[in-house]
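The shown structure was predicted, so the numbers you read here are calculated from the model rather than taken from an experiment.
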Amino acid sequence: MMDLVIKTFDGEESGKIKLSKDVFGLDPREDLLQRVVRWQLARRQQGTHQSQSRADVSRTGAKMYKQKGTGRARHSSARAPQFRGGGKAHGPIARSHAHALPKRVRALGLRHALSVKMKTNNLIIVDKLSVKEVKTRLLVANLTKLGLENALLIGGKEIDVNFSLAASNIPNVDVLPVQGINVYDILRRGKLVLSEAAVEALEERFK
């Protein structure tokens with residue numbers, strides 16, 4: 001177990017929390033993180049690009065000119081790729097770019113991403129993600145006290161509505177419920193901020 005200080009959004013300490021070494025204390029592996037990030041981005045890729053093949057082109061089906069006697073090549077269809085206005089050979093087609101990745105690898109990748117933040121001192125634990133009033137200016141001031149200019153904030157199963165609204169317009173700050181935590185978002189932000197509820201949920205998930 002590892003001890004970490006719990007902070008409030010006023011920059012004060014509110015206690016300590018013990019973190020599991022099995023979740024936050026692994027020796028990070030770049031190959032695992034790369035596999036999970038690649039899997040995430042491949043699932044996100046739309047794959048809706050498509051060109052017209054010779055079967056899709058709307059053009060006459062008549063033979064271009066007679067088979068013999070012209071001294072030219074024996075062409076038949078004007079839809080062939082070598083002709084202007086013809087179909088594209090081996091062009092892109094609409095498809096899914098997603099590929100399979102074992103659930104155990106995905107879970108291990110998330111634990112390694114959490115361990116990266118712990119190892120580089122970029123993990124901050126706060127008591128809760130909540131604000132009394134929807135004031136972006138006040139929330140920015142509190143985040144600045146904690147040194148959070150580029151951060152991912154993870155709350156419990158439900159994010160406080162006021163906090164979500166106040167943080168929605170802050171650049172380089174993302175807020176997610178604990179079930180939305182993922183390797184790509186953890187690595188793309190400088191700091192990772194977990195609420196106590198998020199820590200409990202993550203350790204319960206990886207028991």
Side-chain angles (χ1 to χ4, degrees), residues 23 26-117 119-120 122 136 148-155 157-159 164-165 167-193 202 205-206:
V23 180
L26 302 178
D27 191 18
R29 281 178 49 187
E30 290 184 5
D31 61 315
L32 271 176
L33 297 173
Q34 186 269 348
R35 285 180 67 186
V36 178
V37 169
R38 182 170 168 268
W39 170 78
Q40 274 189 248
L41 296 182
R43 280 166 55 90
R44 183 183 298 185
Q45 192 169 344
Q46 283 187 319
T48 52
H49 54 330
Q50 180 159 329
S51 62
Q52 288 188 316
S53 69
R54 63 186 296 170
D56 302 317
V57 171
S58 178
R59 211 169 187 192
T60 178
K63 190 171 172 67
M64 298 178 68
Y65 45 78
K66 64 181 185 178
Q67 177 84 348
K68 302 175 73 66
T70 65
R72 299 176 66 186
R74 298 174 293 182
H75 292 304
S76 172
S77 173
R79 299 182 186 132
Q82 66 266 36
F83 296 116
R84 184 171 184 174
K88 185 172 178 61
H90 312 297
I93 58 172
R95 67 184 181 91
S96 168
H97 291 270
H99 58 268
L101 189 68
K103 188 180 287 187
R104 288 177 64 184
V105 176
R106 281 146 41 193
L108 190 59
L110 181 54
R111 286 158 60 197
H112 277 259
L114 294 169
S115 298
V116 166
K117 294 301 181 186
K119 192 170 186 179
T120 57
N122 285 319
T136 299
L148 302 177
E149 295 179 355
N150 187 307
L152 171 65
L153 289 78
I154 304 293
K157 291 183 179 179
E158 292 184 4
I159 300 293
S164 181
L165 289 172
S168 63
N169 206 28
I170 304 176
N172 300 322
V173 172
D174 298 327
V175 181
L176 291 173
V178 68
Q179 59 268 29
I181 193 171
N182 63 87
V183 173
Y184 177 69
D185 281 328
I186 290 174
L187 297 180
R188 72 190 283 261
R189 294 298 178 204
K191 299 279 187 181
L192 175 62
V193 181
L202 287 170
R205 175 174 169 180
F206 291 121

Determine, stepwise, if the pair Leu176 / Ile181 fulfils side chain to side chain contact (heavy atoms under 4.5 Å, CB included). CA-CA 7 Å; Leu176 291 173; Ile181 193 171; 5.8 Å; no
Run Lys117 and Leu152 through side chain to side chain contact (heavy atoms under 4.5 Å, CB included) and show every step you take. CA-CA 11 Å; Lys117 294 301 181 186; Leu152 171 65; over 6 Å; no
If I take atom CD1 from residue Ile154 and atom CG from residue Asp174, how far apart are they, to the nearest 0.5 angstrom?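 CG of Asp174 is found 8.5 Å from CD1 of Ile154.
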Surrounding [atom1] of [X] (heavy atoms of other residues, nucleotides or ligands, distance under 6.0 Å), is the total greater than 12?
X      : atom1 : value
Arg188 : CZ    : yes
His90  : NE2   : no
Gln46  : CD    : no
Asn169 : CG    : no
Arg35  : CZ    : no

Please check if the side chain of [X] supplies one atom and the backbone of [Y] the other of a donor-acceptor pair under 3.5 Å.
X      : Y      : value
Arg29  : His112 : no
Lys119 : Leu114 : no
Trp39  : Ala100 : no

Testing Val36, Asn182, Ile186 for side chain to side chain contact (heavy atoms under 4.5 Å, CB included) with Leu110, which one passes?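 The option that passes is Ile186.
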Show me the donor-acceptor pairs, under 3.5 Å and distance only, between side chains in residues 50-64 and residues at least two apart or in other chains.
residue, atom, partner, partner atom, Å
Gln50, OE1, Ala94, N, 3.0
Ser53, OG, Ala55, N, 3.4
Ser53, OG, Asp56, OD2, 3.2
Asp56, OD2, Ser53, N, 3.1
Arg59, NH1, Ala78, O, 2.6
Arg59, NH1, Arg84, O, 3.0
Arg59, NH2, Arg84, O, 3.1
Thr60, OG1, Ala62, N, 3.1
Lys63, NZ, Gln67, OE1, 2.8
Lys63, NZ, His75, O, 3.2

Any side-chain heavy atom of [X] within less than 4.5 Å of one from [Y]?
X      : Y      : result
Leu32  : Val105 : yes
Leu101 : Arg43  : no
Glu30  : Gln34  : no

Heavy-atom pair of closest approach, residues His97 and His49: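 Of all heavy-atom pairs spanning His97 and His49, the closest is NE2-CE1, 3.8 Å.
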Once side chain to side chain contact (heavy atoms under 4.5 Å, CB included) is applied, do any residues pair with Leu41, and if so which ones, sequence neighbours excluded?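 Scan of Leu41 (side chain to side chain contact (heavy atoms under 4.5 Å, CB included), adjacent residues dropped) gives Val37, Arg44, Tyr184.
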Could you tell me which residues satisfy side chain to side chain donor-acceptor pair (under 3.5 Å) with Lys88, sequence neighbours excluded, listed by chain and number?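 With neighbours one apart ignored, the set is empty.
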